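First the structure, in the form of structure tokens, and then the observations on it.
Quick caveat, the model's predicted, so the values are computed rather than measured.
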Amino acid sequence: KIKDFLDTLQQGIHTSRACCSVSGDEIRAFSVRWRPPMVSELRLRRISDRIREELSEMLIHEVKDPRLSGVFINDVSVDRELAYANIYFSAVEGSERADEILDGFYSASGYLRSQLSNRIELRTFPHLRFHWDPTLEHAENIERLISSLHEESGYDADIDPKPEGE
């Protein structure tokens, strides 16, 4: 059986998991290709939430960079290989400071990653990537549009119509 296996490998038919270098009946090297473990969706969500909580706490209490004041962490998503953590943030002032805040995050990314890796136990900690999140600005625009439509139609949202039975 071993001879048949070695002959098959010499013919160039390889399995996706193993690769052998064979000379005659001897196996010189056998290596199994390592793949990072795939993480369940629940664990990914827990890791993302934990990174968001710890990073928010660090921005409030530990980070002294004035470029990062007034910054909110809206969401964190970690890829299945735990290689990258995409961090979505926004600021009180809006998108005018987005470039300044990104510069602050990139200058502090080494410190943030090392502190997060000390607080969250993972075998390898993901690299941090920062992204501006325009969700709050979009929500404000939608609210303004709705309120302007209400003003045009004369609808008063503060008045609750009473049910007919009362």
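Taken to the nearest 0.5 Å, the CD1 atom of I47 stands 8.5 Å off from the CD1 atom of I120. Here the OG-CG distance, from S147 to L145, works out to 8.0 Å after rounding to the nearest 0.5 Å. Between N118 atom CG and F125 atom CZ the span is 9.5 Å, to the nearest 0.5 Å. For the atom pair CG (L59) and CD (E57), the distance works out to 10.0 Å, reported to the nearest 0.5 Å. Between the CG atom of D49 and the CD1 atom of I51 there is a distance of 9.5 Å, given to the nearest 0.5 Å. Here OG of S48 is found 5.0 Å from CZ of R45. Values are rounded to the nearest 0.5 Å.
Defined by atom type and a distance below 3.5 Å, a donor-acceptor pair is missing between the side-chain atoms of S90 and D133.
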* Give the intermediate values and the outcome of side-chain contact (heavy atoms from CB on, under 4.5 Å) for residues F105 and H131. => CA-CA 10 Å; F105 270 127; H131 307 279; over 6 Å; no

* S56 and F72: CA distance, side-chain angles, deciding distance, side-chain contact (heavy atoms from CB on, under 4.5 Å) verdict -> CA-CA 7 Å; S56 297; F72 301 105; over 6 Å; no

* Asked: Between E152 and L149, does a side-chain contact (heavy atoms from CB on, under 4.5 Å) hold up when you go through it step by step?
  -> CA-CA 5 Å; E152 288 175 8; L149 288 174; 4.2 Å; yes

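Formation of a donor-acceptor pair under 3.5 Å by the R97 side chain with backbone atoms of R67 is found in this model. A donor-acceptor pair under 3.5 Å links the side-chain atoms of R113 to the main chain of P126, judged by distance alone.
For I73 against F89, the heavy-atom pair with the smallest separation is CD1-CB, 4.2 Å. What you find for D65 and G104 is that their closest heavy atoms are OD2-CA, 3.8 Å. In terms of heavy-atom proximity, E54 sits nearest to L116 at CB-CD2, 3.5 Å. When all heavy atoms of S109 and L128 are compared, the closest pair comes out as O-CD1, 4.1 Å. Between L44 and R80, the shortest heavy-atom distance links the atoms CD1-CG, 3.8 Å. L68 and I101 make their closest contact through CD2-O, 3.7 Å (heavy atoms, listed as atom of the first residue, atom of the second, distance).
Within a 6.0 Å sphere centred on CD of E121, heavy atoms belonging to other residues, nucleotides or ligands number 12 at most. Annotation: R43, atom CZ; neighbour count of heavy atoms from other residues, nucleotides and ligands within 6.0 Å does not exceed 12. Residue N141 places its CG atom among more than 12 non-hydrogen atoms of other residues, nucleotides or ligands, all under 6.0 Å distant.
In this pair, H127 and Y84 present their aromatic rings tilted. The plane angle is within the 30 to 60° band.
With sequence neighbours excluded, no residue satisfies side chain to side chain donor-acceptor pair (under 3.5 Å) with R46.
At a threshold of 4.0 Å, the pair R50-E53 does not count as salt-bridged, since none of the basic side-chain nitrogens sits closer than that to a carboxylate oxygen.
Hydrophobic clustering of Ile, Leu, Val, Met, Phe, Trp and Tyr side chains at less than 4.5 Å, counting indirect connections, keeps L102 apart from Y88. Note on L55: it clusters hydrophobically with W132, by side-chain heavy-atom contacts below 4.5 Å among ILVMFWY residues.
Side chains of T135 and D75 form no contact here, defined as non-hydrogen atoms less than 4.5 Å apart.
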